[in-house]
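Worksheet: one structure, shown below.
Throughout, residue positions are numbered sequentially from 1 according to the sequence presented.
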Amino acid sequence: MICPFCNKELPDGSQFCGFCGKKLSAPAPVPVPVEEVKEQAETVVEEVKTAVNEVAKTAETAANEAAETAETTVNEVAKTAETTANEVAKTAESAETKVTEEKPAEKTEEAPAENSWNFEPAGAAETAADAADTSNTAEQPAEGGAKTIDIMKLVKSKTFIICCAAVVLFIVLIAVIGNVAAANMNKSPVKGGYYAANADGGIVYFYNGKQIKGTDFSGGAGTISVSADRTCALVGDGDSLYYLSNGKCSEISDDYEGIAILSGNGKTAVYSEDDTLYAFTGGKSKSITDAEGDITGVAISPDGKTVVFSDYDDGDYNVYAWNGSKVIDLDAKMLVYSVSNGGKMIYGSASGKFAYIKNLKADSMEKLRSFDGVTDISTDHNKILFNSGSSVYYFDSSAKEEIKVSGSSFYTIAPGNYSTTLDSFNKFYGYSGNGIYKFSRKGSEFDKDKIISGVDDYILSADGKTFFIFDDDELLRISASNPDKEKTIAEDVYSFKADHACKYIYFLDEDGDLRYVSSKNNKVGDDVTKYLVNDSGVCVFVNDDGDLYCSSKGGEKKKLLSDVTSLSKVNDIFYAVSDDELYVSTNGKKFTSTGVDM
């Protein structure tokens with residue numbers, strides 16, 4: 001396979017480019033064409049639908065029984081709590097000279113169950129209204145029990161009642177703060193987005209919907225590397241290298257030689273020029289070293305403070321590291337791939353094998369098994385999943401040896417389907433062979449469980465709790481923690497799209513009608529050829545006549561433009577081409593001309 005960013009040849013199945021460091025998006029599963037589906041035996045389809053309906057009925061019955069049991073339990077707990085509260089009140093009243101009025105708390109919030117997938121808990125139980133609409137919040141049973149205490153020793157004054165009220169208020173505040181934190185944790189880490197427009201043979205860049213001054217590049221210009229939050233980028237235009245930061249453009253080299261990479265935080269760029277490696281940190285470029293041979297691999301830590309590189313000289317790869325002040329000869333023969341903060345771990349390949357160096361120590365390289373590409377790497381670049389033959393292995397700085405994760409390759413699934421990497425691989429999901437797998441690390445082993453089968457397309461909600469699965473012609477909502485809990489939310493589906501939180505879902509049916517997932521799955525548009533959804537629930541779509549419309553949360557459509565030939569979205573900013581002119585929209589409800597002719 002070929003890297004779309006640097007055009008280097010990579011091993012098949014790679015999710016990262018070992019040359020430019022860019023993460024490669026997993027190929028989107030292609031929906032089965034309508035004609036192909038119709039050609040298949042209708043009798044088999046009917047049998048499958050019948051079986052699915054039976055499963056749905058069984059699941060619904062079980063869910064209802066569970067709900068009734070939960071409701072009964074809650075009621076019993078409530079009664080017990082009320083009785084205890086009354087006894088406490090009576091005891092307090094007898095102990096005090098006079099208590100004129102009590103106002104016990106009428107509502108308590110259930111402590112949210114801890115989410116084992118490293119996301120803060122949302123803590124909300126799924127309501128009937130949510131179930132009727134598009135809620136994907138999974139029910140979480142409460143845990144724990146009350147402790148027995150000596151009430152008579154505690155109840156001695158009004159202070160007891162005041163303290164109880166303070167505790168209740170504190171718990172409520174903690175719950176509110178927890179939910180706010182959860183909302184913030186579940187937001188996209190992507191803050192920016194660059195859009196390159198082909199304008200009359202040249203390239204013009206936009207950042208979050210605004211045109212960037214000084215980016216009137218030639219038609220051969222292209223994005224080389226971007227930061228994790230997409231606020232910074234490197235653009236190459238011939239021999240010139242440009243640094244884009246929060247919508248501002250600076251030329252940092254007029255004779256760069258094709259090697260350029262940006263740190264994860266976007267604060268440091270490393271590039272080659274005249275056989276010299278340079279580091280750009282926002283103000284000016286600083287020479288790192290003059291390479292003795294051809295620089296063939298460069299890696300930079302996420303914080304931009306450590307750079308490692310390989311030069312090819314006399315048939316060998318020689319590895320060096322730069323810690324911001326000096327160059328360290330690591331006395332190793334390895335093609336570098338990545339480096340973690342502080343140089344804690346350097347990963348690469350040596351003689352066709354996976355290799356690593358710890359803590360920038362010279363002559364400390366170790367080789368493991370054969371190396372055939374990288375599946376994924378953690379955000380701190382310390383933990384890695386790599387391919388060896390048809391298998392996937394895990395390794396980090398604390399591991400004594402590689403740990404086998406799977407006997408077959410797979411793609412990791414990030415919540416919200418972000419293209420960013422995961423913080424940890426202790427528990428995560430993967431996609432392989434039309435199935436969703438759950439991977440769990442237990443000491444020196446990984447458990448691999450297939451939790452969902454028959455997957456044509458999928459989205460994992462941003463909170464990591466719910467999968468939305470496109471299977472054949474049905475759209476299913478499935479609990480990630482309890483895969484047996486599934487619900488068919490739409491039928492006759494050809495494709496679907498959603499916001500990152502999966503709160504607003506639209507789908508295209510087999511007749512070409514655009515629909516919004518709700519209790520009625522109401523139709524939004526006819527003969528739709530292209531549609532996109534933002535995180536506010538606004539769907540922008542184009543029909544086969546080239547008319548562009550928008551619908552907010554499945555509401556009545558509104559026509560915005562005509563003769564639209566292109567529609568795209570970058571970080572919730574919509575771009576459309578109408579009558580060879582570029583239009584932009586920050587909310588999907590109104591498009592404004594940029595004045596750029598396409």
Side-chain angles (χ1 to χ4, degrees), residues 11 13-16 18 21 23 116-118 264 297 299-303 305-310 317-321 323 328-413 421-430 432 437-449:
S14 297
Q15 285 195 38
F16 280 83
K23 179 171 183 178
S116 61
W117 294 91
N118 296 326
I300 183 170
S301 61
D303 62 6
K305 296 180 180 180
T306 306
V307 177
V308 295
F309 59 95
S310 303
Y317 294 104
N318 303 296
V319 185
Y320 302 87
N323 60 8
I328 303 170
D329 185 350
L330 296 178
D331 192 19
K333 308 297 182 183
M334 179 176 75
L335 178 61
V336 299
Y337 171 75
S338 70
V339 57
S340 63
N341 292 337
K344 186 175 183 179
M345 292 299 297
I346 300 173
Y347 294 117
S349 62
S351 302
K353 292 187 176 182
F354 176 77
Y356 66 92
I357 299 172
K358 289 187 177 182
N359 300 318
L360 302 182
K361 292 183 178 180
D363 195 25
S364 65
M365 186 187 75
E366 296 289 343
K367 293 188 291 186
L368 301 178
R369 59 182 59 248
S370 63
F371 178 64
D372 297 300
V374 174
T375 294
D376 208 343
I377 190 166
S378 62
T379 52
D380 62 3
H381 287 199
N382 181 43
K383 312 166 191 69
I384 192 170
L385 298 176
F386 68 93
N387 302 322
S388 180
S390 60
S391 300
V392 178
Y393 291 83
Y394 169 86
F395 192 79
D396 67 19
S397 60
S398 64
K400 295 182 179 179
E401 60 183 13
E402 69 274 30
I403 303 174
K404 187 174 182 178
V405 179
S406 171
S408 58
S409 61
F410 58 83
Y411 293 100
T412 55
I413 300 176
T421 54
L422 303 175
D423 290 329
S424 171
F425 299 118
N426 289 335
K427 293 181 180 180
F428 66 95
Y429 297 109
S432 176
Y437 292 82
K438 176 183 176 181
F439 297 91
S440 303
R441 181 182 176 183
K442 295 182 178 180
S444 60
E445 296 181 351
F446 271 87
D447 285 343
K448 176 185 176 182
D449 298 314

In a check of ring-ring contact (aromatic ring centres under 6.0 Å, His included) between F446 and each of F439, F425, Y394, Y393, which one passes?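 Filter result, single survivor: Y394.
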
Please round to the nearest 0.5 Å and tell me the distance separating atom [atom1] of [X] and atom [atom2] of [Y].
X	Y	atom1	atom2	result
M345	K383	CE	NZ	11.0 Å
S440	D449	OG	CG	6.5 Å
N359	S397	CG	OG	8.0 Å
I357	S364	CD1	OG	5.5 Å

Have a look at V392 and tell me which of D372, N387, V374 forms a side chain to side chain contact (heavy atoms under 4.5 Å, CB included) with it.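 Answer to the side chain to side chain contact (heavy atoms under 4.5 Å, CB included) test with V392 among D372, N387, V374: N387.
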
Looking only at heavy atoms, what is the nearest atom pair of [X] and [Y], with distance?
X	Y	answer
A299	S338	CB-CA, 3.6 Å
S370	G389	OG-N, 4.1 Å
S409	S432	O-OG, 2.9 Å
T306	G343	OG1-N, 3.8 Å
I346	V308	CD1-CG1, 3.5 Å
G407	K404	CA-CE, 3.9 Å

Determine, step by step, whether D380 and S340 satisfy the side-chain hydrogen bond (donor to acceptor under 3.5 Å, both in side chains) criterion, reporting the C-alpha distance in whole Å, the side-chain angles of both residues, the deciding distance to 0.1 Å, and the verdict. CA-CA 6 Å; D380 62 3; S340 63; over 6 Å; no

Let's go through F395 and Y356 carefully: what are the C-alpha distance in whole Å and the side-chain angles of both, what is the deciding distance for ring pair (Phe, Tyr, Trp, His ring centres under 6.0 Å) to 0.1 Å, and is it a yes or a no? CA-CA 10 Å; F395 192 79; Y356 66 92; 4.6 Å; yes

[X] versus [Y]: any side-chain heavy-atom pair under 4.5 Å?
X	Y	value
M365	L330	no
S301	H381	no
S310	M334	no
F410	T375	yes
K448	S408	yes
I377	L385	no

Please check if the number of heavy atoms outside K358 that lie under 6.0 Å from its NZ is greater than 12.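 Above 12, so yes.
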
Give the intermediate values and the outcome of side-chain hydrogen bond (donor to acceptor under 3.5 Å, both in side chains) for residues T379 and D423. CA-CA 5 Å; T379 52; D423 290 329; 2.6 Å; yes

May I have the step-by-step check of side-chain hydrogen bond (donor to acceptor under 3.5 Å, both in side chains) for T412 and D376, ending in yes or no? CA-CA 7 Å; T412 55; D376 208 343; 2.6 Å; yes

Any idea how F371 and F354 line up, ring-wise: parallel (<30°), tilted (30 to 60°), or perpendicular (>60°)?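 Answer is tilted, since the angle falls between 30° and 60°.
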
Going by salt bridge (charged side-chain N to carboxylate O under 4.0 Å, His left out), name the pairs with one or both residues in residues 330-355, residues two or more places apart or in two chains.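 Found none.
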
Evaluate the criterion ring pair (Phe, Tyr, Trp, His ring centres under 6.0 Å) for residue pair Y337 and Y347; output intermediate values, then yes/no. CA-CA 5 Å; Y337 171 75; Y347 294 117; 8.1 Å; no

Trace of the side chain to side chain contact (heavy atoms under 4.5 Å, CB included) decision for V336 with V319: CA-CA 7 Å; V336 299; V319 185; 3.6 Å; yes

Between the side chains of D396 and R441, is the shortest nitrogen-to-carboxylate-oxygen separation below 4.0 Å, so that they form an ion pair?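 Salt bridge flag = yes for D396 with R441.
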
